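The model shown is predicted, which means the values in this text are computed figures rather than measured ones. Chain A is the first sequence line, chain B the second, and so forth, proteins listed ahead of strands; every chain is numbered from 1. Heavy atoms only: backbone and side chains are in, while hydrogens, waters and symmetry mates are out.
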Protein chains: 2
Amino acid sequence: MSDNDKSLVSRLRKLIGAGHYHPGERLGEEAVAEQFGVSRTPVRLAFRTLEQEGLLQRAGKRGFMVREFTQADVHCAVEVRGVLEGLAARRLAERGMPQDVAESLGFWIQKGRQLLDKGYLLETDINQWSDINSHFHGSIVGAADSRVVADAISRNNHLPFAAADSIIIDSEDLAREFKKLQLAQFHHELIFQSLKSGEGARAEMLMREHALIGLRYPELLADNP
Amino acid sequence: MSDNDKSLVSRLRKLIGAGHYHPGERLGEEAVAEQFGVSRTPVRLAFRTLEQEGLLQRAGKRGFMVREFTQADVHCAVEVRGVLEGLAARRLAERGMPQDVAESLGFWIQKGRQLLDKGYLLETDINQWSDINSHFHGSIVGAADSRVVADAISRNNHLPFAAADSIIIDSEDLAREFKKLQLAQFHHELIFQSLKSGEGARAEMLMREHALIGLRYPELLADNP
DNA sequence: AGCCTTTACTCTGGATCCAATAACAATGAT
DNA sequence: ATCATTGTTATTGGATCCAGAGTAAAGGCT
């Protein structure tokens with residue numbers, strides 16, 4: 001086996017997220033165990049974890065099935081992330097942002113500017129943006145200084161389409177995607193500003209709106225003038 | 001064994017919540033297995049589940065320990081519930097409340113009125129209130145019609161002090177507790193009103209404020225005039 | 001005497017085995 | 001012919017076993 005080093009849960013998570021198993025498909029312990037060249041025991045553990053994460057659900061009285069996600073589910077997951085990250089941002093603003101956090105956020109904003117300043121988007125920029133974005137969001141959540149909040153966010157992020165760095169980039173229309181990232185970058189700067197000045201409510205609302213960027217903005221940014 | 005019918009996770013959950021195991025205490029699989037008269041296998045499954053729920057955390061490289069919760073954690077968990085139930089309420093208000101939901105909420109509000117109308121509180125009323133309260137909150141979350149939101153809330157509620165029906169009632173001062181429940185009832189009625197008239201933002205804010213009732217209100221409701 | 005090394009033992013993770021139960025199929029009765 | 005009941009099979013849950021890793025303890029070396 002070549003990739004036994006990665007944990008079974010994360011491998012399964014990836015496969016499910018990638019749509020390798022069809023929604024509603026029933027997963028047998030034996031079958032998966034064999035497929036991964038492993039015994040049933042770790043598979044049983046993994047199934048329970050994936051159930052908790054919401055990727056699997058019990059199929060009647062016996063076994064598990066791949067959970068089906070509707071467009072509405074995607075929408076809700078993003079909105080849940082919005083309110084939770086909004087809470088984190090508000091906490092941070094109300095507590096006052098520590099110096100090192102401000103520096104870190106400033107750094108990632110700077111990186112974002114550098115990436116977008118050239119005025120267009122390349123395929124290779126996408127991963128970089130994803131990286132910048134994760135760090136920006138991660139810094140805020142981390143600085144909110146609450147394991148409870150952080151856990152709630154990370155549990156929600158287990159849904160593959162809910163995580164902050166899961167903006168779907170359409171490589172066919174990099175021009176539109178560029179506009180989207182430009183807007184996201186602008187959001188980041190506004191959020192940073194409000195955090196610095198302790199505007200809790202504003203930071204929260206900006207964060208909530210920012211979460212929706214992948215959902216509702218595409219049509220507004222279309223090319224047709 | 002008398003109570004083998006209840007699942008191991010829920011039994012452990014209860015024990016941990018009740019403080020039967022000390023925070024930071026390390027739990028050995030063997031020990032717990034023996035204590036419950038069961039083999040190590042189900043205990044291993046249970047431990048992973050409890051870890052996901054946030055009640056246990058990994059103790060270094062080996063085993064699990066009971067997670068410690070600070071006062072700040074309690075506060076955050078309640079606030080997390082606030083924003084999530086707030087989201088549920090707003091969704092419900094924006095979609096328009098179906099007739100059956102309105103009837104159900106009205107019913108529980110009526111029950112609450114009946115309980116409190118006599119003007120004082122008895123020990124025996126506490127469980128009744130808890131029941132009414134769970135149903136009220138449950139109806140709203142259920143009617144929000146989103147498994148993703150409902151799951152996020154229920155995962156947060158696994159923290160024993162975060163659930164909506166975990167208002168700590170001080171039997172020593174039933175007069176103050178009566179004021180608290182009266183206020184909670186009033187919140188319920190306001191929330192109901194805003195839901196009916198489709199005031200999403202108001203419903204959300206009321207729900208968020210309502211969550212805090214167990215945290216910050218006690219001192220305000222003290223007896224000293 | 002203190003620190004490092006080595007060894008022994010405990011504990012967890014994975015594999016296999018056994019029992020219980022749910023799904024399925026077949027046969028018989030109404 | 002259809003439904004019910006019974007028997008068979010497949011699959012899951014629980015128990016035990018084995019191996020590997022981690023921790024603690026003891027002994028030796030500086």
Can you label the angle between the B/His210 ring and the B/His187 ring as parallel, tilted or perpendicular, going by 30° and 60°?
-> perpendicular
To the nearest angstrom, the CZ-P distance between B/Phe36 and D/dA15 comes to 14 Å
Is there a donor on the side chain of B/Arg44 or the base of D/dG14 sitting less than 3.5 Å from an acceptor on the other?
-> no
B/Met65 CE to C/dT12 P, in whole Å, measures 14 Å
From the list A/Trp108, A/Phe107, A/Phe136, ring pair (Phe, Tyr, Trp, His ring centres under 6.0 Å) partner of A/His188 resolves to A/Phe136
Find the distance B/Leu45:CG to C/dT12:P and express it as a whole number of Å.
-> 15 Å
Separation of D/dT11 atom C1' from A/Phe64 atom CZ, nearest Å, is 13 Å
Just by distance, do the side chain of A/Arg90 and the backbone of A/Gly200 share a donor-acceptor pair under 3.5 Å?
-> no
Could you work out which one of C/dG13, C/dA15, D/dT12 sits closest to the side chain of A/Val38?
-> C/dA15
Is there a donor N/O on one and an acceptor N/O on the other, under 3.5 Å, for the side chain of A/Arg40 and the base of D/dG13?
-> yes
Could you tell me whether the side chain of B/Glu103 and the main chain of B/Asp100 form a donor-acceptor pair under 3.5 Å?
-> no
A/Glu51/A/Arg58 ion pair, N-O < 4.0 Å | yes
What is the distance from CG of B/Leu27 to P of C/dT10, rounded to the nearest Å?
-> 20 Å
Go through the N and O atoms of the side chain of B/Arg62 and the base of C/dG13, and report whether any donor-acceptor pair is under 3.5 Å.
-> no
For B/Glu29 and D/dT16, give me the distance from atom CD to atom P, rounded to whole Å.
-> 15 Å
Using a heavy-atom cut-off of under 4.0 Å over every strand shown, decide if B/Gly60 touches base, sugar-phosphate, or nothing.
-> nothing
Can you tell me the distance, in whole Å, between the NZ atom of A/Lys61 and the C1' atom of D/dT11?
-> 16 Å
Of the nucleotides C/dA15, D/dA15, C/dA23, which one has an atom closest to the side chain of A/Thr41?
-> C/dA15
Using only side-chain N and O atoms of B/Ser39, determine if any of them is under 4.0 Å from OP1 or OP2 of D/dA15.
-> yes
